[in-house]
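In what follows, a single structure is set out as structure tokens and then discussed.
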Amino acid sequence: MKKERFFSVGQLLMWAGCLLAVVMPAAAEARDIKVGIVDTYSGPAAVFGNDALNGFKLAVNEINKQGVLGGKIVFTTRDEQFKVDIGLNVAKELVLKENVDVLVGTINSGASMAISEAVAKKEKIPFIVWTAKSENITGKAGHRYVFSTAENTAMAGKSAAVAFAKKPFKKFWIAGDDYEYGHAIADAIWRNLKKIKPEVEAIGRTWWKPGEPDLIPYLTAIQAAKPDCIIFATGGVSMANVLKAIKTTGMENKIPAWIHTATDHSVLKPLGMNAPEGVMGTIQYHYYYPETPANKKFVADFQAAYGNPPGFPAFNAYTTAQLIAGAYRKAGKIDKEKFIDAMEGLKVDTPVGKVEMRACDHQAVYPMFLGTTKISQEFGGAIAADIITLQGDEVMPTCEEIAEARKQK
Amino acid sequence: MLLVEDLHKSFEDFTAVDGANLQVRQGELVAVIGPNGAGKTTLFNLITGHLKADRGRIRFLDREINRMAAHEICRQGIARSFQIANIFHRLSVFRNVQVSVLSQKKLSRSLFRPAQTLVVEETRRILESVGLLGKQLDIAGSLSHGDKRILEIAIALGNEPQLLILDEPTAGMSPEETASTMELVKRLARDQGLTILFCEHDMDVVFDVATHIMVMQHGRTLIQGTPEEVRRNATVQDAYLGGA
Amino acid sequence: MTRSLILSRSSFGWSAALLLVLLLVPAWAGRFTIYILAFVFVMALLAMSLNLLVGHGGIYQFHHAAFYGVGAYTAGLIAAKTAWPVWVGFCAGPLMAAAAGWVIGLFCVRLNKLYFGMLQISLGSLIWIIALRWYSLTAGDDGIHGIRMPELLSGSVTIYYFLLAVVTVCLLSLYLVYKSPFGVTLRAIRDNPQRCEAVGINVRRHQLLAIIIATFFAGVAGVLFVVLEGSIFPDMLFWVLSLEILIMCLLGGWFTFFGPVVGAAIMVTLRTFVGSVTEYWTMVLGIVLILLIFFLPEGIMGINFRNWSRRRSRRAAARAAEDTDAAG
Amino acid sequence: MESYVTVSGLISQFLVGLSRAMILFIVSSGLSFILGVLRVPNVAHGSLYMIGAFVAHTLAMAAGGGAAGFWLALVLAPTAVALISLAAERLLFCHLYEREHLMLLLFTFALALILGDLTKITWGADYRSLVAPPFLQGSVMVLGTPFPRYNLFLLAVGPVVALGLWLFSNKTKVGKIARAAAVDREMVGAIGINVGRVFAFAFVLGCFLAGLGGALVSPTVSITLGMDHTIIIEAFLIVTIGGLGNMWGALAGSLIFGVSQSMGILLWPQFAIVFPYLAVVIILTLKPTGLLKSVW
């Protein structure tokens, strides 16, 4: 009986949307290798996303000078805004529409694992995680199509444990961000430390909200308990807040503290000369160490291209690009399965020496550097000093452990 | 039918109703008059449950209704209109009335029947009785002010009330509209046997229509009686009608 | 009732045509189109369920995503952690969402407008915190990924048709609700709750019923997300997503029935296609929104009616409005 | 829980909660002011707070990074934010006041999206850190526990701002008009006052407070993108529990929020995050329109 109303403009738009989706060109140039990058380029984590992207660009520019299998490496980026659902959207877009050959990214562990399952595994496309640090990615949730060129919580934890075992500490206090990363790293340290040195003792644990601005009261309480060493299992913005609080409470040089990636310059640089000294940190890359020609060249090129020295995400991304190029050269053709076979056990040159992609769990094997913060006039702020190198196989979970974890799942 | 005894209501810093008494019998047309701020609207809001009295009793058909919520009081058979046009602006005229008929028939929570097939006859009959049938498909918000006020009465009629409370039904109307509205009120009372309680500023209208009048001042009942009794009362003469 | 009585002939025609096109899409569209359309279906259902409250009920449900998350987590956890058939989860998801909606609604319906919204955000955030903090159950902020679906729902085309079917049924049910006496009463409550009380309507009970219905469908959307992506994660219950779906409703036209579908389609399309060109797509969205506010205050579907009323007689406009109660 | 709860720990945690509450108060009082006078839920408030922090950093660095730079930034950053908001108000916002609340919400959301991206374009993604002037660095002993000087400074600033706002809205003509407009805007318009100008003024003042909050918080946290997200939801919850548009309500709400958060951390760290939300639920369940009288 009635009414023709509610469609027309709205419907047209919907149709237009559908059409747009379909008409978009989908063909890929077979000669070039297409890399799809999913990472965070907005919000607080964007600083790491941008750094990684710069490292990747630098490597790709070098690689493309000679080319790979007669073609080039081309890449396209998508911002996942640190959100899992957007990450899935854009990863699928890159794979299903842009037909990328390799997917890389992201800093968000949740998004990495979601993409690993819903895109990499399902679409049989290699996915290389380059910043997210969850050990589950190549651990119990690992599979043929997922790789990691990021150091993970298991490695960070084990390297700290190995380092602590060499020091006279007995009474530890564990504090950190109350989220997955914090707990994972704390568990990894304690698991390994107990194994190496059973007499150690955790006299207390404190967890705070990630990004908690004011950490002074916690540190005061911890100080009162007089531990031999404090383990801070924290990341991102909280790291800078911990360092600020260490400085303010006057804890520096009194109680040794350890934070994974505390010696990263994206953390230390904003603090300038106000960074605390004597804080231990583990990290797989410093732009000032090791002072090898390869590293010096990498830093100089990076500095020239982007105006600031590379951080660990840039190093990870640079390594990732080298691995991709190396694997395709080894495979001899652009084929996903061949690429994966070639990746397994592949060794490439990086600024810190040879890095191997371990075949059993698809985890890049890095040496880890344990350093202690020290103010340097030359750098205008704190840097890592007294650096101890822990070899990759020393800090990695063994292949047997990985197999066991995967079986449990 | 309706009995209000010694009703009190105060807001933070002033007392709006301070000892109101009112009696409405079946079939009467009772007007409440009084100067601005005498507490007429508050009294109505108390009766219909939109406000809760501090003290006093309200009985309707031998039932205490003081403690009831507005929608429960409505179910007892009291419907009302408001001082400002209180209608559903975005809905059509038909829907405006249908909503209240649906509510009366306890159909308003029915989920799986199309509304456009329900209570159509009842709704039309009400619209016809107030003369809005011709505009039933107009959007209520686009009606003229006079029509909005009529629509309000029509919404109230949808509840098949025994007592209809009208809060200044002719406020803001032109003299012609006022006349026709009051004609409508009288006709409703006559044809449908409705008991009507209303308040009104226009004394000519009041004395023309009402069978009984209650005079309020400072929240108190001064007097209640027939128009003649009220006209004769000296207190009212002084306090209120003196100037008129 | 015959169908033509419920759906007017022309809107039935349009809907049938759209449905037909959507049915045919997998025959010629690329895989990504199929996927993103399926994603639009999920968002559209979510936005539609919210709009029952915001657009038709005038209820400021500011944290609707919480119930989407409850539906998804219920279905996802049952699929991932129990041996029960996934269908149990599919049924339990919406029911749990509706139950959560009922409990939270009980607290909230006593409040008005912004107060309602803020209390609702707080209560919804408590659910979010459970998803975020109950590590042993929900795996915390990493979420659970790679949730296996039965063979029946493995191919992307099958998933597409499954989602299309479920969303169509849900939208049809919502349309019935919308056209029902309850729908009419709900819109009356939106326009004037005080008047509704005066005609004997228990406003709070109606609002609560609307919340239960809306959260049920939000739960369905959550289940569909799990079917589509095989993932659950705490962001699904975060208030930012709630704000996004609210924007979808406003963008599409919150006083119309199909508005939120359009809004969801535009948001997802914009995000996907502008997002692939520039990382500043949120700014583009912001500018689009401002233009919309200035030039299309009733949302995209709202424009229709205004044009219509200029072209046709007032009566025809009103008849159209009668159908949707969309007039301004 | 395993944290060491001691009396001095409780006290210092309480003080930390108080100083956090001061920042929350400054930001949410601005939000509340705009809500009260303009009836606008300003989602962009968080973005202005973030911009306040970034501008403060830039100004302090430009002035050499010393104490003078800090004080300069503290004055000029909120002013810059106020100017941005003035532009937004005069160009766009002032045409929309008669729209529905949800539309205004949508508008401020759009503004927040644009400001967020503009911040990213202008300042990039790097973390920034502002240093407090030397005499506000370090700690003093309060009842046996070290308490940061800067937090003491915040404890002093909060009441000053509250007092200033009170004097403004009760002792100045513009303030009185704004208050009257909050209650009955038609009447204010009817007696011949330019309501548009009052609204513009109120909006700019509210945004100034957002900028001030951002500048004040910058020495205690890392200045990053995404700062806007966390603060805005907290500020909205605060003004709601306090009573929409009520400045003292914003103060009460901030205190409840700040203290419940910091005490919660001490008592039940694992679930400290629930305490503020729980406070909102309890308060709104008991008092559905907030603690103090709402102007709505």
Side-chain angles (χ1 to χ4, degrees), chain A residues 1-11 13-18 20-22 24 26 41-42 46 76-86 88-90 92-98 109-118 121-123 134 136 141 143 178-181 183-184 210, chain C residues 4-5 8-11 14 18 21 25 28-33 35-37 39 132-133 135 139-143 145-146 225 229-231 233 235-236 241 252-253 256-259 261-262 265-266 268-269 271-273 275-276 279 281-282 300-301 303-305 308 319-320 322-324 326:
Chain A
M1 51 191 264
K2 43 172 89 171
K3 302 113 209 172
E4 33 253 84
R5 196 198 133 308
F6 27 79
F7 284 105
S8 93
V9 174
Q11 211 168 28
L13 273 167
M14 277 173 73
W15 285 49
C18 306
L20 203 65
V22 178
M24 288 265 175
Y41 300 111
S42 45
T76 172
T77 61
R78 295 288 184 271
D79 183 10
E80 44 88 296
Q81 301 187 313
F82 212 75
K83 286 180 191 158
V84 182
D85 47 348
I86 299 185
L88 281 168
N89 275 180
V90 295
K92 286 194 180 173
E93 191 229 352
L94 289 172
V95 173
L96 300 179
K97 200 168 117 252
E98 300 289 330
S109 291
S112 296
M113 283 157 77
I115 294 170
S116 160
E117 289 290 338
K121 200 172 181 180
K122 213 164 153 190
E123 304 295 335
S134 172
N136 293 334
H143 53 82
D178 187 15
Y179 73 135
E180 197 61 34
Y181 173 69
H183 287 283
Chain C
S4 62
L5 249 180
S8 65
R9 201 179 311 139
S10 64
S11 55
W14 275 109
L18 179 67
V21 171
V25 160
W28 45 269
R31 291 186 59 203
F32 181 66
T33 312
Y35 161 74
I36 206 74
L37 273 176
F39 189 75
L132 195 62
R133 285 298 141 89
Y135 291 103
D141 40 311
D142 272 1
H145 307 283
F225 182 85
E229 304 280 27
S231 286
F233 44 86
D235 271 2
M236 296 181 75
L241 178 61
T256 61
F257 181 72
F258 277 109
V261 176
V262 178
I266 291 173
V268 174
T269 317
R271 190 167 83 185
T272 312
F273 295 107
S276 67
E279 65 177 273
W281 80 274
T282 47
I300 286 176
M301 296 295 276
I303 183 81
N304 255 351
F305 173 69
W308 206 271
R319 288 168 65 92
E322 177 66 22
D323 199 32
T324 59

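Chain naming here is simple, since letters A, B, ... match the order of the sequence lines and numbering starts at 1 in each. Values below: all heavy atoms of this structure, side chains included; hydrogens, waters and symmetry mates excluded.
Contacts of Glu93(A) classified as salt bridge (Lys or Arg N to Asp or Glu O under 4.0 Å), with partners at least two apart in sequence or in another chain: Arg78(A), Lys97(A). Remark: Tyr41(A) engages no residue in a side chain to side chain donor-acceptor pair (under 3.5 Å) (not counting sequence neighbours).
In this structure, Glu117(A) CD and Glu229(C) CD are separated by 12.5 Å, a value rounded to the nearest 0.5 Å. Within the model, atoms CE of Met236(C) and NZ of Lys83(A) stand 13.5 Å from one another, a figure rounded to the nearest 0.5 Å. If you take OG on Ser116(A) and NE2 on His145(C), they are separated by 9.0 Å, rounding to the nearest 0.5 Å. Interatomic distance, Thr272(C) OG1 to Lys92(A) NZ, rounded to the nearest 0.5 Å: 12.5 Å.
Note on Asn89(A), Asp79(A), Val95(A): by heavy-atom pairs under 4.5 Å with chain C, the leading option is Asn89(A). Contact count against chain A (heavy-atom pairs under 4.5 Å) is highest for Tyr35(C) among Phe225(C), Tyr35(C), Phe39(C).
Summarising the geometry of Tyr135(C) relative to Tyr179(A), their closest heavy-atom pair is OH-CA, 3.2 Å, with the distance given to 0.1 Å. Asp142(C) and Glu180(A) get closest at one heavy-atom pair: OD2-CG, 3.2 Å. The two residues Phe233(C) and Asp85(A) come nearest to each other via the heavy atoms CZ-N, 3.6 Å.
There is no contact between Glu80(A) and chain C, counting heavy-atom distances below 4.5 Å. In this structure, the portion of Ser231(C) lying under 4.5 Å from any heavy atom of chain A is its side chain and not its backbone. Residue Asp235(C) touches chain A through its side chain alone, counting heavy-atom pairs closer than 4.5 Å. Contact of Ser42(A) with chain C is not made at all, since no heavy-atom distance falls under 4.5 Å. Heavy-atom distances place no part of Val90(A) under 4.5 Å from chain C, backbone and side chain included.
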